[in-house]
2 protein chains.
Amino acid sequence: MGDQIAGMFKALGDPTRLRIFNFLRSCCGPVAVDDSGEARPLDGPTVGEVCCHVTGGDRITSTISHHLKELRQAGIITMQRRGKHIVCAVDPNAIRLLVEHLTSTQGDDHDCCE
Amino acid sequence: MGDQIAGMFKALGDPTRLRIFNFLRSCCGPVAVDDSGEARPLDGPTVGEVCCHVTGGDRITSTISHHLKELRQAGIITMQRRGKHIVCAVDPNAIRLLVEHLTSTQGDDHDCCE
DNA sequence: ATGTTAGTTCGATATATTTAGAAACGTAGA
DNA sequence: TCTACGTTTCTAAATATATCGAACTAACAT
């Protein structure tokens with residue numbers, strides 16, 4: 001339960017992934033959320049653009065692909081194929097979840113271990 | 001610059017440390033913030049109490065001490081000696097910083113790598 | 001079909017992290 | 001001072017992570 005949250009923080013805890021996250025958040029297009037709550041990017045940077053931006057043009061795609069996968073598995077971002085490209089976007093649900101966890105007054109468990 | 005934020009997320013990205021964080025946030029007492037912006041716990045659980053709560057009584061203090069050190073170095077918590085004990089508390093500045101980073105519309109850098 | 005562009009997966013390696021036991025350290029009180 | 005208690009530091013071992021190049025897959029164009 002709290003381990004899902006930990007996984008999200010962990011995903012953002014790597015400098016490269018945080019740069020990816022920042023770029024996607026500042027740059028990404030609208031995100032559609034369907035009935036089941038699943039988010040899908042309508043538009044946004046492609047994997048190649050992320051790679052180019054984050055590495056400064058060095059384009060070691062495999063590394064970026066690995067980090068994108070981790071962000072996706074943590075539930076931070078979503079990706080969708082658009083023909084030859086794959087577009088990425090931050091999942092707004094994830095951000096909401098993290099902010100709530102950081103700001104909620106009540107911790108999940110509580111017995112002050114006297 | 002963004003690396004400090006990454007360090008904070010990383011610190012919260014470990015399940016054990018996130019449990020410590022949750023416990024401290026739900027349990028800790030008032031925190032004084034002095035003129036220089038430095039936060040100091042006025043009251044809160046001791047290291048031993050954190051350990052007891054998080055490990056369920058197994059008290060492997062060295063491990064918890066290690067995690068507390070990491071949380072402290074990341075700037076998430078503060079600790080202060082109170083006689084024989086050391087009390088811990090979450091630094092409210094850290095939470096504010098993280099929430100702002102998650103919710104700010106503007107990413108730190110932006111050139112959509114055309 | 002062939003080639004080309006866009007991404008992913010695999011394999012290897014170097015590095016970092018988590019964990020825990022033992023020893024050392026600092027503080028309070030007899 | 002001596003002892004008990006609370007906490008940190010040292011050391012070591014198992015595990016996880018980040019990174020890169022090469023091989024692979026998918027979609028499109030000619």
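These figures come from a predicted structure and were not determined experimentally. Naming: A, B, ... by sequence-line order, numbering from 1 per chain.
- Between B:I95 and A:L102, the shortest heavy-atom contact is CG2-O, 3.6 Å.
- Ring pair B:F21/A:H101 is parallel by interplanar angle, where below 30° counts as parallel and above 60° as perpendicular.
- Between the P atom of D:dT9 and the CD1 atom of B:I60 lies a distance of 19 Å, rounded to the nearest Å.
- When all heavy atoms of A:V87 and A:G44 are compared, the closest pair comes out as CG1-O, 3.5 Å.
- The shortest distance between the side-chain N/O atoms of B:T16 and the OP1/OP2 oxygens of C:dT19 is below 4.0 Å.
- Taking every side-chain heavy atom of A:K69 into account, C:dT9 is the closest of D:dG21, C:dG7, C:dT9.
- In this structure, CD1 of A:I20 is placed 13 Å from C1' of D:dT19, rounded to the nearest angstrom.
- Of the listed nucleotides (D:dT7, C:dA6, D:dA18), D:dT7 has the atom at the smallest distance from the side chain of B:T46.
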Distances under 3.5 Å between protein N/O atoms and the N/O atoms of nucleotides 23-29 of chain D, please, pair by pair.
none

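- Side-chain proximity of B:E70 to the nucleotides D:dC20, C:dT18, D:dA18 is greatest for C:dT18.
- Remark: B:S62 is not in phosphate contact with D:dC10, judged by side-chain N or O atoms under 4.0 Å from OP1 or OP2.
- Remark: B:K10 is not in phosphate contact with C:dA16, judged by side-chain N or O atoms under 4.0 Å from OP1 or OP2.
- For the pair B:I64 CD1 and C:dT19 P, the computed distance is 8 Å after rounding to whole Å.
- Residues B:V54 and B:R19 share a closest heavy-atom pair of O-NH1, 3.1 Å.
- Checked against D:dG21, C:dT8, D:dA18, the side chain of A:H67 finds its nearest nucleotide in D:dA18.
- Here D:dT17 presents its P atom at 11 Å from CG of A:D14, a figure rounded to the nearest Å.
- Distance from the side chain of A:R17 is smallest for D:dA18 among the nucleotides C:dT8, D:dA18, C:dT18.
- Taken to the nearest 0.5 Å, the CG atom of A:L68 stands 12.5 Å off from the CD1 atom of A:I76.
- No hydrogens or angles were tested; on distance alone, nothing pairs the side chain of A:S65 with the base of C:dG7 as donor and acceptor under 3.5 Å.
- Comparing the local axis fitted to the first five base pairs of the helix from C:dA1-D:dT30 to C:dA30-D:dT1 with the one fitted to its last five gives a bend of 20°, rounded to 10°.
- In this structure, SG on A:C88 lies 11.0 Å from CG on A:D43, to the nearest 0.5 angstrom.
- Checking the phosphate oxygens (OP1, OP2) of D:dC20, no side-chain nitrogen or oxygen of A:H66 falls inside 4.0 Å.
- One can place CZ of A:F9 at 20 Å from C1' of D:dT17, the figure rounded to the nearest angstrom.
- Residues passing the side chain to side chain donor-acceptor pair (under 3.5 Å) test with B:R72: none are found, sequence neighbours excluded.
- The aromatic rings of A:F23 and A:H53 lie parallel to each other, with less than 30° between the two planes, well short of the 60° mark.
- Nearest heavy atom pair, residue A:L24 against residue A:P45, reads CD2-CG, 3.8 Å.
- Put simply, CG on B:L71 and OG1 on B:T16 are 10.5 Å apart, with the number rounded to the nearest 0.5 Å.
- Going from atom CD of A:E49 over to atom P of C:dT5 covers 17 Å, rounded to whole Å.
- The nearest whole Å value for the distance from the CG atom in A:L68 to the P atom in D:dA18 is 13 Å.
- OP1 or OP2 of D:dC20 sits under 4.0 Å from a side-chain N or O of A:T63.
- Counting to the nearest Å, the P atom of D:dA18 and the CG atom of B:D3 are 14 Å from each other.
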